[in-house]
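Here the structure is a predicted model, which is why all the values come from computation and not from measurement. Excluded from the calculations below are hydrogen atoms, water molecules and symmetry mates; all remaining heavy atoms, backbone and side chain alike, are included.
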Amino acid sequence: MTSLFPNGIFSLEVDVKDVRSTIDIPRSILPFAMHLDKDSRQNINSSLTTTQIALGLFGLLAPVLTFVLAVSSFPEWIKIFVLVALAIGYSLICLWAFKRSQPGDDQARNVAGSNADSIEDDIKAISEATEFFGSSLKPADLFRLVSNRLTQVFPFANSALFVAGESDNSILVVQATGPNTASLLKVGLSLDRGLAGMAWVSREIELDLDLRLERAAMPADAIVATRSAAAIPLLQEDKVFAVLVLYTDQKLDADPSMHDVLQAIGDRIGPLFLSSFSSERSMSNALTDTLTRLPNERAFYMILENQLAESHRFRSERPLTILAIDIKNFAEANQSFGFTVGDRILEFTAENVASQLRKMDFLSRSANDEFLIILPTASQKVADEIIQRIRQRFSEEAFSVSEAEDLKVWLNFGWATFWQDGETAEQLLQNARVRKQQAKSEEPAKVLQFPKEYVN
């Protein structure tokens, strides 16, 4: 699915629906007490065997001693003393046996280790998903997969992924799941506020058991029905690049094993998100002009093909027009003022053209001084109105070459409308460029020639 955004900014998204149905996801993990590895079970069995022998021996000796006391001629007070001692001894043995039957610290660590292995098995399903699609999933798709899988490891009601904001001291939510998603996606914080900021600075797992930190930092509608929160920093070479915050509707208790589980989650999903972010940046760079930061001609064709498909479906109900623009006498400006000023002229042109477009329009840079624009739902009449707005803007706005010199930038325009001038991307772009070349004519009265109208 392709989305258009204001002033030429674009996003290409893969529509991944119900990915779970295409992936063989392992069984969900059981509670800690159910995950004992082989060594843990052997230790517990050994403890149980020792206590069983002790209880068995005492059970045999106690009746014998009681019978001997009953038939002996000892004074009553001695008999009572011995029976009390037997009762106390039996109680102590029972207490000792109970303690021996409980998993010790080593066993608890084995349990945590076994649970971490189970988490790894669960997260492995997400890695398999990236292999299934041939490369890393986009962050939004990966986040949905991770969130779905982690609910079976660490139950939560809402989740949010924080990344660095525009300033060095800010973070913002870029992905979220759960009932509070809409509110969470509006959140932006400074690093000195909230649980996510604390985890970003400390680079460690952070817990907000009573939600005191989050209530002070987050909007009320972003933490509705939330009782506790846990923040997991995602690291690249000891540097945080994102923080995953899990919001629960049940109050959490401070538990070392829970910390181990959260740490295991961070260790395993961190590389997945890092790969996804890197892949998205690479794709963005491949479709972006490095000077103006606008989409390039390759991106223009991708968006145009998508828009043409919609226009083919609805024909006259959904018009479409493209524009081809270049700068008059740009080569002479480069020679006169230098390439540095030429680059600034290109940036100036991109900014001012974008300011006159509609939110749905798509602006890209092709090559040299040429810019290409897609005007969805725009007839030739609407396109002409947009062209006039752009011309008016450049007639009012001068480019500053230096503090002492300004320069007026003038543009050449060419256009082509779907169905009238062509049905394919190549036909439309060819006709728009022909009109643009004809617009460069300096004939008196500015009479323009037009290409032959496309005939179906």
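Put simply, CG on L357 and CG on L363 are 6.0 Å apart, with the number rounded to the nearest 0.5 Å. Here the straight-line distance linking atom CD1 of I325 with atom NZ of K436 works out to 9.5 Å at 0.5 Å rounding. Note: I386 CD1 to I373 CD1 = 8.0 Å, rounded to the nearest 0.5 Å. Taking OH of Y301 as the start and CG of L429 as the end, the distance is 4.5 Å to the nearest 0.5 Å. Atoms CG and CD1, on L308 and I303 in that order, are 11.5 Å from each other to the nearest 0.5 Å.
Counting heavy atoms from C-beta on, the side chains of L207 and L262 come closer than 4.5 Å. Contact annotation: the side chain of Q236 never approaches that of S278 to less than 4.5 Å [non-hydrogen atoms, C-beta and beyond]. Annotation: side chain of F156 is in contact with side chain of T151 (closest heavy-atom distance under 4.5 Å). A heavy-atom distance below 4.5 Å is found between the side chains of L184 and M218. The closest side-chain heavy-atom distance from L407 to I345 is below 4.5 Å.
Within a 6.0 Å sphere centred on CG of N368, other residues, nucleotides and ligands contribute 12 heavy atoms or fewer.
Ion pairing of R358 with D361 is present here, as a side-chain N (NZ or NE/NH1/NH2) and a carboxylate O approach within less than 4.0 Å. Salt bridge absent: R344 and E347 never bring a charged side-chain N and a carboxylate O closer than 4.0 Å.
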